[in-house]
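Inspection log for the structure reproduced underneath, given as structure tokens.
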Amino acid sequence: MFRILPEKRDLEPNPAGQYPILGETLIFDNQYIQERISKAERLREEGINPYPANITKGMPSSEFFKHFAYVKELDADEKKDEAQTVTLTGRIKFIRIMGKAAFAKIEDSDGLVQIYYNRDDLPEGYYNNIAKKLFEVGDIVEATGYPFVTQTGELTLHCKDLKIVSKAIMPLPEKFHGLTDQEIRYRQRYLDMIMNPEVKETFVMRSKIVSLIRRFFEDHGFLEVETPMMHPIPGGANAKPFITHHNALGVDRYLRIAPELYLKRLTVGGMEAVFEINRNFRNEGMDQTHNPEFTSIEFYWAYHNYHDLMKLTEDLFDYIFAELQLPKTLTYGDMEIDFTTPFAKVPFVEALTTIGGVPADVATDREKGIAYLKENGIEVNDNLTLGYVQAELFDEFVEGKLINPTFITDYPIDISPLSRRNDENPEIAERFELFMAGKEIANGFNELNDPLDQFERFKAQADAKEATGDEEAMHMDLDFVRALGHGMTPTAGEGIGIDRLVMMLTNNHSIRDVILFPAMKPEAALEEKPKNACKKCGNTNEEELKPAKKGKGYFCIDAAACAKRAKENKK
RNA sequence: GACCCGUUAGCUCAGUCGGUAGAGCAACUCCCUUUUAAGGAGUGGGCCCUAGGUUCGAAUCCUAGACGGGUCACCA
């Protein structure tokens, strides 16, 4: 569709009547765009700027329907209120021209509204020469007139004036089937939003959810903070980082995989309730629940424990559901998820047996666990510690079965390097994860605040890296250990995956459907193509070429000039 | 990273046995002053994802690659 022709930038049509250039570098080389550009030019010739400034938004369509609902109730042959004058603005989505009159549907952020315009009620000649000929689906217009009701009972604006607000030179996808190509939907999200109203609804919903989460924590006395996105040591999670380079300092930096260690430094500094809503970056695979950049909230609450966090999390869900007026039971694919609080709480090892069906003796024995995993066709590293074996068992046999929101509590300590040990059972971390629809949504725990224990845990992670080649094991962060050395109040902290939460609440099953611009490979089509040449005369002037009607290759548009060149070539 | 599926007009899609490109919508030229995916008549529009190969002949068969979707692995 686009080809790059950097040296050309005038807007004069070539001898074939084509407008090769728009903007500075792009050429629009298809008939629809050419047609639309020439319409924009014809508007200019008529003294109408196709891109006028200082247009104000008209009455929102929702207000139009509310405000003029009375017109429908009028007791008259023709239901209308000519005394009113109202202006609507929006993008044309449908046009139905019937000779000397036309209907169109225009869309603003609230939805569609119908307008009616005809030859006799617009200025002399305007309908035939401008409105009918030069306005088309995709254009944004401003319509002024009075409300009336059509024969089929639809409240409609009868136009006395119809102006262009912005001329679209790209055609919209087909009106009935719309846009279904996933690739275009993600790459050109704006088109997806124009053609698929539910997409806009999802992202409006996402915005509201984030806003409510923010308000909830502010109302509970939490302070929103921003910590670095570029870390000298990747920390706070087990994940592979993106690496970048800081020229001025001459050092590599890691895009953050989690804000945890910085937020806890703030707790040491005396901020007793903090939260951060922002992006994390992980250099890992992509699928329906993973995007390389994703959004989470992490919050840290001094003088509280993980039981308080679970209660706070339930309160947060209740708050979101109440504010959004969502029913407590939501459909998610073929699942029904019951969000009634309190959520179920099941200890980790108990979940292995009662939910996962793992025999009790296997659930607590490293060797038996490994054997059991192998029996079930799962590859495992023989050096795994009991906690890691249990984590494998959990992922395999439990996670997918947790449909209704469920807190899994009391995790093995060796897979919880940042959480506090339980005083009675030092093999257990005072930690929980929240699952729903078979997916992990949140992770929270009593923060480890013993600096020497923290140092040993980092060391154990480094050792695990040695032993099992775990690339995602944590790095030693001595500065963080030093911070803990100054004393951190007993604190509980939690992270919630915002993207996944939005998926659950909007019944979307791909993370790409809740991220406005999901990660995509570069698009080949936008790169410069090799020069095309006419098959007969070898002409490489792009604007004089057209593709062959059948088969491959290009030919000159101007056949006479082509023949002349071919002759000269023979000499 | 592995496997499966897809890529044809601006969009949504057909394309039979390998015989040289089709529909609907959109566009263009007409008709039409209350339509609802408006309707009617006509016209134009294709590097069939790319590069090789087989063949007299490839959208179609084979190989490699690009991009997208899905499943698995990894992860949140």
Side-chain angles (χ1 to χ4, degrees), chain A residues 1 28 30-36 38-39 78-80 93-105 112 114-121 127 133 136-138 148-154 156 158 169-187 191 195 237-240 257-258 280-296 378-379 395 399 433 435 439-443 470-472 495-501 509-512 520-525 527 529-530 532 535 545-554:
Chain A
M1 181 183 303
F28 295 92
N30 93 34
Q31 52 165 324
Y32 301 93
I33 302 171
Q34 289 295 321
E35 190 63 47
R36 283 171 171 261
S38 82
K39 283 179 181 174
E78 279 188 68
K79 294 180 176 180
K80 60 183 178 182
K93 296 294 288 290
F94 302 93
I95 292 186
R96 294 180 279 277
I97 293 174
M98 295 156 302
K100 298 174 187 66
F103 285 91
K105 292 238 168 156
L112 287 167
Q114 181 164 265
I115 63 171
Y116 169 81
Y117 49 105
N118 64 32
R119 186 192 61 190
D120 298 336
D121 294 324
Y127 176 82
K133 299 274 186 187
E136 57 201 320
V137 170
F148 79 111
V149 175
T150 64
Q151 287 177 354
T152 51
E154 181 165 351
T156 301
H158 186 128
I169 64 160
M170 303 284 288
L172 285 181
E174 192 235 354
K175 60 190 171 188
F176 188 57
H177 297 92
L179 179 69
T180 61
D181 186 312
Q182 291 293 347
E183 184 168 356
I184 300 176
R185 289 187 54 213
Y186 296 143
R187 288 193 198 279
L191 254 194
M195 297 310 296
N238 298 71
K240 282 179 222 157
I257 55 176
N280 295 325
F281 305 87
R282 299 192 184 173
N283 206 343
E284 291 162 355
M286 295 161 57
D287 62 23
Q288 283 181 96
T289 53
H290 297 84
N291 194 64
E293 51 182 308
F294 65 100
T295 303
S296 72
I378 298 146
E379 281 182 38
D395 290 348
E399 184 168 7
E433 288 194 342
F435 293 85
K439 296 284 177 191
E440 183 193 339
I441 270 295
N443 176 23
D470 183 356
E471 282 184 67
E472 290 156 6
I496 301 175
I498 303 278
D499 310 277
R500 289 186 181 179
L501 177 62
H509 296 260
S510 170
I511 198 167
R512 296 186 193 98
M520 300 285 276
K521 283 197 184 182
E523 190 179 2
E527 287 164 16
K529 293 183 191 171
N532 294 312
K535 279 189 166 179
L545 295 176
K546 59 178 180 183
K549 282 184 181 174
K550 288 178 183 175
K552 294 174 181 180
Y554 280 81

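Lettering of chains follows the sequences in order, A, B, ..., and the numbering in each one begins at 1.
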Looking only at side-chain atoms of [X], point me to the closest of [options].
X      : options             : answer
A:K100 : B:A38, B:C32, B:U12 : B:C32
A:I511 : B:G69, B:A37, B:A76 : B:A76
A:T180 : B:C13, B:A76, B:U34 : B:C13
A:E154 : B:U35, B:C67, B:A76 : B:U35
A:E78  : B:G68, B:U35, B:U34 : B:U34
A:M98  : B:A76, B:C67, B:C32 : B:C32
A:P173 : B:C11, B:A76, B:U71 : B:C11

Send over the distance from [X] [atom1] to [N] [atom2], rounded to a whole Å.
X      : N     : atom1 : atom2 : value
A:I378 : B:A73 : CD1   : P     : 9 Å
A:D395 : B:A73 : CG    : P     : 10 Å
A:K80  : B:U33 : NZ    : C1'   : 13 Å
A:I97  : B:A38 : CD1   : P     : 11 Å
A:H158 : B:U33 : NE2   : P     : 14 Å
A:Y117 : B:C32 : OH    : P     : 17 Å
A:I257 : B:C74 : CD1   : P     : 19 Å

Q. With no angle test and no hydrogens, is the base of B:U35 tied to the side chain of A:T150 by a donor-acceptor pair under 3.5 Å?
A.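 By the distance-only test, yes, there is a pair.
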Q: Classify the side chain of A:D287 and the base of B:C74 as holding, or not holding, a donor-acceptor pair under 3.5 Å.
A: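 Pair found.
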Checking all strands, does [X] fall into the base, sugar-phosphate, or nothing category for heavy-atom contacts under 4.0 angstrom?
X      : value
A:Q114 : base
A:E440 : sugar-phosphate
A:M195 : nothing
A:N291 : base
A:Y116 : base
A:G495 : nothing

For [N] and [X] - does any side-chain N or O of the residue sit under 4.0 Å from the phosphate oxygens OP1/OP2?
X      : N     : result
A:R119 : B:C32 : no
A:R512 : B:G69 : yes
A:R96  : B:A38 : yes
A:T289 : B:A76 : no

Q: State which residues pass ring-ring contact (aromatic ring centres under 6.0 Å, His included) with A:H177; sequence neighbours excluded, sorted by chain then number.
A: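 Checked A:H177 against ring-ring contact (aromatic ring centres under 6.0 Å, His included); zero matches.
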Q. Which residues satisfy the ring-ring contact (aromatic ring centres under 6.0 Å, His included) test with A:Y116, sequence neighbours excluded?
A.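 A:Y116 satisfies ring-ring contact (aromatic ring centres under 6.0 Å, His included) with A:F103, A:F148, A:H158 once adjacent residues are dropped.
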Q. When the C1' atoms of B:C17 and B:C13 are considered, how many whole Å apart are they?
A.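 To the nearest whole Å, 23 Å.
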Q. What integer number of Å spans the P atoms of B:C4 and B:G45?
A.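 To the nearest whole Å, 40 Å.
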Q. Got a sec, which residues hit side-chain hydrogen bond (donor to acceptor under 3.5 Å, both in side chains) with A:K93, two or more places apart in sequence or on another chain?
A.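 A:K93 satisfies side-chain hydrogen bond (donor to acceptor under 3.5 Å, both in side chains) with A:E107 once adjacent residues are dropped.
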**Q.** side-chain hydrogen bond (donor to acceptor under 3.5 Å, both in side chains) partners of A:E183, counting only residues at least two apart
**A.**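 In terms of side-chain hydrogen bond (donor to acceptor under 3.5 Å, both in side chains), with neighbours along the sequence ignored, A:E183 is linked to A:R187.
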(Q) Main chain of A:D120, side chain of A:Y127: is a donor-acceptor contact present, judged purely on distance under 3.5 Å? (A)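 Such a contact is absent between A:Y127 side chain and A:D120 backbone.
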Q. Are any side-chain N or O atoms of A:N118 and backbone N or O atoms of A:D121, one a donor and one an acceptor, separated by less than 3.5 Å?
A.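 The answer is yes, because a donor-acceptor pair under 3.5 Å joins these two groups.
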Q: Would you mind building the protein contact string for nucleotides 23-28 of chain B? One character per nucleotide, 5' to 3', B for base within reach (heavy atoms under 4.0 Å), S for sugar-phosphate only, - for untouched.
A: -BBBSS
Q: Determine if A:F294 stacks with B:A76; use a centre-to-centre distance below 5.5 Å and an interplanar angle below 30° as the criteria.
A: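 Yes; by the centre-distance and plane-angle rule, A:F294 counts as stacking on B:A76.
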Q.
Which nucleotide, if any, forms a Watson-Crick or G-U wobble pair with B:A21, using both distances under 3.5 Å?
A.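 Across any shown strand, B:A21 pairs with none.
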Q: Using a 4.5 Å cut-off on heavy atoms from C-beta on, say whether the side chain of A:Q31 contacts that of A:Q34.
A: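 Sidechains of A:Q31 and A:Q34: no contact.
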Q. So do A:P292 and A:N283 actually touch side chain to side chain, heavy atoms under 4.5 Å?
A.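 SC-SC contact between A:N283 and A:P292 ruled out.
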Q: With sequence neighbours left out, write down each residue that passes side-chain contact (heavy atoms from CB on, under 4.5 Å) with A:K105, or none if nothing qualifies.
A: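 Expected list: A:F94, A:R96, A:L112, A:Q114, A:E154.
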(Q) Let me spell it out: for each of A:L179 and A:K105, pick the nucleotide of RNA chain B with the closest heavy atom. Which residue's pick is nearer the 5' end? (A)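 The answer here is A:L179.
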Q: Please figure out whether A:E399 or A:F148 has its closest RNA chain B nucleotide nearer the 5' end.
A: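 Result of the comparison: A:F148.
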